[in-house]
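Below is one structure, written out as structure tokens; comments come after it.
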Amino acid sequence: MKLLAPVAALLPFISLSQCLPSNAGSDTSGTTTATSALPSGTSMGVLNTLAQGIGKKYFGSATDNPEFTDSAYMAILESSEFGQITPGNSMKWDATEPEQNTFTFSGGDAVVAIANSTGKIVRGHNLVWQSQLPSWVSDSNFTADELTSVIQNHISNVVGTNYIIGYAWDVVNEPFNSDGTFVSDVFYNTLGSDFISIALNAAHAADPDAKLCINDYGIEGSGTKSTAMQNLVQTLKANSVPIDCIGFESHFILGEIPSDLQSNMEAFTALGVDVQITELDIRMELPETADLLDQQKSDYETVIAACAAVSGCVGMTVWDFTDKYSWVPSTFSGYGAACPYDSNLVKKPAFDGIVAGLS
Ligand SMILES: *[C@@H]1O[C@H](CO)[C@@H](O)[C@H](O)[C@H]1NC(C)=O
Ligand SMILES: *[C@@H]1O[C@H](CO)[C@@H](O)[C@H](O)[C@H]1NC(C)=O
């Protein structure tokens, strides 16, 4: 009984929060609702065109196979709004090598095919990560030599022979804890931090033209974790390990954009790596209001303007462009509305904020 009471008390709150964004998207009746009074974006700016106009390589979006049957979504994804796409899930280890040495490329191929047919570049995502990792990797008690071969075999099959994606790979994803120590996963526990150079060297061998990145969150502003990543970059560079870029995931909370975002990007680029904003979204506590959407517009502008101001910040990717397919509501209870298009695929003020940041 002690457990049941708080759970029951939470339920109405949870279901209300999760209903709000989809209500906003499903109101096709034309009746006036609170959400239909929310402001929309009005800019006609084309994001990828604007980004390239200020010397960036791309403005892009995450996407993946479950969305490809949504023709209204695809019309925007495939348009010139986006010059780059990142598969949200279909190139991860559990998708590409679910059993040892049994590879499945169809999901990633579908993403690459869309990029190919619409003239976009792909950021491959990702090769070595403690999550979405099959248990045959995490639970097999491989020796250091065996795990090295497992990593090398995975990368040499996924990169190059199958996915010649022409741009960048997140080779290592989220290696650090928030206190700057390495995550205690099978890779670190078996190989120490050497797993990072093993993975980067394997990716370079498989596709010498690809930009090789390490991607993480919580490194966007200065602090312990960001310093740990900078130290790692310096160590890799000192040991001639191929490292080209650092991904700032940028899953931000409304009103909490690091004030030193730009100078922290510059701290990384000073080490001889590019920076990319790889998974941008800015979540708010629901319900969304006109004021919160206005703050979100300003926050998007702040992030994009920081990248715009740093020549080594080469591109930016939103983690998906629409609230319809955002990971936020299912991951952060009570939060949502994090993307620049609403769940009805209508531009939000945040879209105008991006345009302002690129102008
Ligand atoms: C995409 O284009 C590249 C380069 O032309 C090609 O090697 C690759 O096979 C294409 N992939 C798909 C899935 O169409
Ligand atoms: C790995 O080691 C643990 C602890 O000794 C053991 O419980 C587990 O069964 C082992 N896994 C395999 C696949 O051998």
Side-chain angles (χ1 to χ4, degrees), residues 20-28 30 32-54 56 58-63 67 70-86 118 120 250-257 261 277 279-308 315-329 335-359:
L20 279 165
S22 53
N23 279 352
S26 60
D27 177 20
T28 51
T32 304
T33 66
T35 48
S36 68
L38 292 172
S40 297
T42 55
S43 174
M44 298 305 289
V46 178
L47 303 181
N48 187 58
T49 306
L50 290 169
Q52 292 187 336
I54 60 165
K56 304 303 169 189
Y58 62 87
F59 191 98
S61 178
T63 190
E67 304 166 28
D70 182 340
S71 57
Y73 170 90
M74 291 305 286
I76 300 171
L77 181 77
E78 294 188 324
S79 76
S80 48
E81 206 75 77
F82 304 107
Q84 176 273 330
I85 52 180
T86 304
T118 57
K120 303 183 199 306
S250 306
H251 293 294
F252 291 125
I253 298 172
L254 195 84
E256 297 182 19
I257 310 304
L261 178 60
I277 293 176
E279 307 186 11
L280 175 61
D281 52 24
I282 304 177
R283 63 186 181 268
M284 64 181 70
E285 200 165 357
L286 299 172
E288 48 195 310
T289 64
D291 282 352
L292 293 176
L293 292 175
D294 195 51
Q295 173 74 50
Q296 188 181 46
K297 172 185 175 181
S298 164
D299 286 350
Y300 264 98
E301 179 176 353
T302 298
V303 175
I304 298 302
C307 180
M316 33 223 143
T317 305
V318 288
W319 203 252
D320 210 301
F321 66 85
T322 165
D323 293 334
K324 188 172 186 178
Y325 298 117
S326 172
W327 73 308
V328 166
Y335 284 80
C339 304
Y341 288 69
D342 72 12
S343 55
N344 215 16
L345 301 172
V346 174
K347 289 175 186 172
K348 293 159 60 177
F351 182 94
D352 294 355
I354 295 172
V355 170
L358 292 171
S359 303

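Nothing here was measured: the structure is a model prediction, and the numbers come from that model.
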Main chain of Phe321, side chain of Ser61: is a donor-acceptor contact present, judged purely on distance under 3.5 Å? yes
Would you say the side-chain atoms of Glu301 pair up with the backbone N or O of Gly357, donor to acceptor, closer than 3.5 Å? no
Where the side chain of Asn344 meets the backbone of Val346, is there a donor-acceptor pair that is under 3.5 Å apart? no
Minimal non-hydrogen separation, Glu81 against Gly45, with atom names: OE2-O, 3.2 Å
What is the distance from atom CD of Gln295 to atom CD1 of Ile282, rounded to the nearest 0.5 Å? 9.0 Å
Could you check whether any side-chain N or O of Lys56 sits under 3.5 Å from a backbone N or O of Cys307, counting only pairs where one atom can act as donor and the other as acceptor? yes
Do Leu47 and Val355 have side chains that get closer than 4.5 Å, going by heavy atoms? yes
Between Gln84 (side chain) and Thr317 (backbone), is there a donor-acceptor pair under 3.5 Å? no
Flag, side chain of Lys348 to backbone of Thr322, donor-acceptor distance under 3.5 Å: no
Indicate yes or no: at least one non-hydrogen side-chain atom of Leu293 is less than 4.5 angstrom from one of Pro39. yes
With side chains defined as the heavy atoms from C-beta onward, is the minimum distance between Lys324 and Asp70 less than 4.5 Å? yes
Kindly compute the distance separating CD1 (Ile304) from CG (Leu50), expressed to the nearest 0.5 Å. 11.0 Å
Asp299 (side chain) donor-acceptor with Gly255 (main chain) under 3.5 angstrom: yes
pair Phe59-Val46: side-chain heavy atoms closer than 4.5 Å: no
Does the Ser326 side chain pair with the main chain of Asp323, one donor and one acceptor, at a distance under 3.5 Å? no
Any side-chain heavy atom of Leu254 within less than 4.5 Å of one from Leu292? yes
Criterion side chain to side chain donor-acceptor pair (under 3.5 Å) against Asp281, the qualifying member of Tyr300, Trp319, Trp327: Trp327
Given 3.5 Å as the limit, does a donor-acceptor pair link the side chain of Lys347 with the main chain of Asp352, or not? no
Return yes if a side-chain donor-acceptor contact under 3.5 Å exists between Tyr73 and Glu67, otherwise no. yes
Lys120 (side chain) donor-acceptor with Gly60 (main chain) under 3.5 angstrom: no
Pair Leu77-Thr118, side-chain contact (heavy atoms from CB on, under 4.5 Å): steps then yes or no: CA-CA 10 Å; Leu77 181 77; Thr118 57; over 6 Å; no
